[in-house]
A.B. asks: 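One structure coming up, written as structure tokens, with questions to follow.
Numbered from 1 within each chain, the chains take letters A, B, ... in sequence-line order. From a predicted model like this one, the values you see are computed outputs, not experimental measurements.
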There are 2 protein chains.
Amino acid sequence: MSYPREQSIQQATEVFWLKGYLGTGMRDLQTALDKRPGSIYSAFGSKEGLYLEVLNHYTGVLHGQIMAVANSDTPLQQLREFLRFPLTVEDSAAHKIQCLIVKTQADWAELPEGVKSELQAALAHLREAFQAVILKARSTGELAADIPVERAAMWVQGQFIAMRTLATSVESPASLSWMVDKIVSDLSGEWTQ
Amino acid sequence: MSYPREQSIQQATEVFWLKGYLGTGMRDLQTALDKRPGSIYSAFGSKEGLYLEVLNHYTGVLHGQIMAVANSDTPLQQLREFLRFPLTVEDSAAHKIQCLIVKTQADWAELPEGVKSELQAALAHLREAFQAVILKARSTGELAADIPVERAAMWVQGQFIAMRTLATSVESPASLSWMVDKIVSDLSGEWTQ
DNA sequence: TAATTATTTGAACGATCGCTCAAATTTAAC
DNA sequence: GTTAAATTTGAGCGATCGTTCAAATAATTA
């Protein structure tokens with residue numbers, strides 16, 4: 001049950017991903033969901049409430065993907081494929097290259113308090129998943145035993161952000177796949193304490 | 001002459017940096033510049049016109065800083081200090097941790113065409129400066145002779161973005177200085193063609 | 001000082017913003 | 001089939017958006 005609610009969240013995700021939190025108007029959402037304002041407000045309370053559900057759903061999916069990487073037998077190989085994925089979206093969905101969380105975070109000073117705290121929580125939650133990947137790769141021997149786990153997790157998150165941000169400003173995102181290789185390679189590089 | 005114009009641009013930079021392009025209202029600018037709308041419009045034409053001057057000024061300063069790194073005798077050492085700088089801003093200016101260009105770029109789909117093209121140009125311009133740093137470091141022997149210059153320049157730009165983005169979501173940005181060391185270290189790492 | 005030009009002022013315009021709520025409609029319960 | 005509850009509708013609210021322009025003021029020239 002409550003199927004149309006899930007559908008509304010997916011349609012709203014499209015809009016927020018394309019236009020950002022500030023850039024998205026209630027009228028954009030009304031069009032995308034094909035619902036009148038009253039329906040949206042009775043279902044989600046406010047624009048912020050709808051966005052928070054979108055963010056929660058988005059983060060959950062992404063977290064699941066990263067945990068699947070962590071739970072595989074060859075986490076480092078799987079991480080490579082995970083990182084490459086955003087570079088393969090078709091032109092018509094170019095807005096999906098950038099991470100929705102990072103995109104929203106750029107408007108920081110103008111965001112409602114509830115959105116700010118949930119963004120922080122989402123980033124921390126995903127960082128935990130990256131940490132699980134590092135830990136697993138260490139246990140399989142794909143990474144050295146003395147790798148600083150927390151730093152490496154944050155670093156991977158940073159690389160994820162860097163690659164996707166650069167990819168949005170380049171003609172052909174797929175041409176950046178060398179960056180994926182360098183990320184995996186640098187993971188085994190120097191980690192001076 | 002035209003001193004107050006320069007001053008207006010600096011004050012407007014503060015506001016755009018803090019609130020982003022979409023998040024900044026003409027009334028915010030009127031307050032910051034202590035000017036009435038007519039004055040601003042006669043001087044800059046529009047909100048977009050004022051932003052473009054801000055962007056141009058900002059890019060010029062940043063470009064100059066990177067070229068100074070390139071023109072030093074120890075470019076790699078200077079690059080380290082350049083990268084560390086955004087991590088040292090005081091709490092009261094936390095918005096300056098993130099790069100103004102990257103911040104604006106996040107609102108991509110909602111930006112006027114003129115702003116979009118100037119943002120692309122600014123990123124390309126700064127990439128050229130990073131390229132000059134790589135070239136110089138290669139000539140001083142700080143970097144290997146076979147480093148792929150264009151890719152390395154883009155990669156450094158990506159690391160610059162990653163570090164500053166992560167730094168905005170962390171309690172103490174200065175605690176990320178290990179990331180600067182890793183960037184410099186990874187520059188000498190693997191660059192598989 | 002008087003005349004001319006350049007700049008600044010600020011009330012106000014039309015458009016859009018997030019959001020409300022009484023009324024209409026659909027769904028569920030008996 | 002009737003009634004009650006839940007959901008949807010959409011006109012429209014007050015606030016704010018970027019912008020305009022006739023009038024007032026300041027700066028320059030004669």
A.B. asks: Verify, without hydrogens or angle tests, whether B:R127 (side chain) and B:E150 (backbone) share a donor-acceptor contact under 3.5 angstrom.
C.D. replies: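 No; zero donor-acceptor contacts below 3.5 Å.
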A.B. asks: Looking for any heavy atom pair under 4.0 Å, which part of the strands does A:E48 touch: base, sugar-phosphate only, or nothing?
C.D. replies: nothing
A.B. asks: Are B:Y58 and B:W17 an aromatic pair by the rule of ring centers under 6.0 Å?
C.D. replies: yes
A.B. asks: Identify, residue by residue, the members of residues 32-44 of chain B with a heavy atom below 4.0 Å from DNA chain C, and return them in order of residue number, or none.
C.D. replies: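 B:R36, B:P37, B:G38, B:S39, B:S42 - these, ordered by number, are the residues of the stretch whose heavy atoms sit under 4.0 Å from the strand.
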A.B. asks: Let's go through B:W108 and A:T168 carefully: what are the C-alpha distance in whole Å and the side-chain angles of both, what is the deciding distance for side chain to side chain contact (heavy atoms under 4.5 Å, CB included) to 0.1 Å, and is it a yes or a no?
C.D. replies: CA-CA 9 Å; B:W108 193 255; A:T168 59; over 6 Å; no
A.B. asks: Under 4.5 Å between any side-chain heavy atoms of B:P112 and B:Y21, yes or no?
C.D. replies: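 The answer is yes, as the side chains (C-beta and beyond) meet within the 4.5 Å cut-off.
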A.B. asks: Can you give the first and last nucleotides of DNA chain C, 5' to 3', that have an atom under 4.0 Å from a heavy atom of chain A?
C.D. replies: C:dC17 to C:dC21
A.B. asks: Around A:E190, counting heavy atoms of other residues, nucleotides and ligands shown, do more than 12 lie under 6.0 Å from its CD?
C.D. replies: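 12 or below, so no.
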A.B. asks: Do B:Q159 and A:Q159 have a side chain donor and acceptor closer than 3.5 Å?
C.D. replies: yes
A.B. asks: Check the side chains of B:Y51 and B:S46 for a donor-acceptor pair under 3.5 angstrom, ignoring hydrogens and angles.
C.D. replies: no
A.B. asks: Can you list the stems that include DNA chain D, where a stem is three or more consecutive Watson-Crick or G-U pairs with distances under 3.5 Å?
C.D. replies: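 Looking at DNA chain D, the stems formed by three or more consecutive pairs are C:1-27 with D:4-30.
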A.B. asks: Which residues pass the side-chain contact (heavy atoms from CB on, under 4.5 Å) test with A:L166, sequence neighbours left out?
C.D. replies: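 With neighbours one apart ignored, the set is A:L176, A:M179, B:M154, B:Q157, B:I161.
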A.B. asks: Rounded to whole angstroms, how far apart are NZ on B:K19 and P on D:dG18?
C.D. replies: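 Answer to the nearest Å: 11 Å.
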A.B. asks: Please give, in whole Å, the distance from D:dG18 C1' to B:L22 CG?
C.D. replies: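 In whole Å, D:dG18 C1' and B:L22 CG are 13 Å from each other.
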A.B. asks: Send over the distance from B:R27 CZ to D:dT20 C1', rounded to a whole Å.
C.D. replies: 12 Å
A.B. asks: Only counting residues at least two apart or in another chain, list the ones meeting side chain to side chain donor-acceptor pair (under 3.5 Å) with A:N56.
C.D. replies: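 Scan of A:N56 (side chain to side chain donor-acceptor pair (under 3.5 Å), adjacent residues dropped) gives none.
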A.B. asks: Ignoring hydrogens and angles, tell me if any N or O in the side chain of A:W191 forms a donor-acceptor pair with the backbone of A:L187 under 3.5 Å.
C.D. replies: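 Between the backbone of A:L187 and the side chain of A:W191 there is a qualifying donor-acceptor contact (under 3.5 Å).
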A.B. asks: Report yes or no: does A:T24 contribute a side-chain atom to a donor-acceptor pair with the main-chain N or O of A:G20 at less than 3.5 Å?
C.D. replies: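 Answer holds: yes.
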A.B. asks: Rounded to the nearest Å, what distance is computed from the CG atom of residue B:L29 to the C1' atom of nucleotide D:dT19?
C.D. replies: 13 Å
A.B. asks: Contact list please: residues 107-118 of chain B against DNA chain D, heavy atoms, distance less than 4.0 Å, in numerical order.
C.D. replies: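 Result for residues 107-118 of chain B: none.
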A.B. asks: For B:L119 and B:L55: C-alpha separation, side-chain torsions, deciding distance, then whether side chain to side chain contact (heavy atoms under 4.5 Å, CB included) applies.
C.D. replies: CA-CA 8 Å; B:L119 282 177; B:L55 174 62; 3.9 Å; yes
A.B. asks: Is B:V89 close to B:P173 at the side-chain level, that is, under 4.5 Å between some pair of heavy atoms?
C.D. replies: no
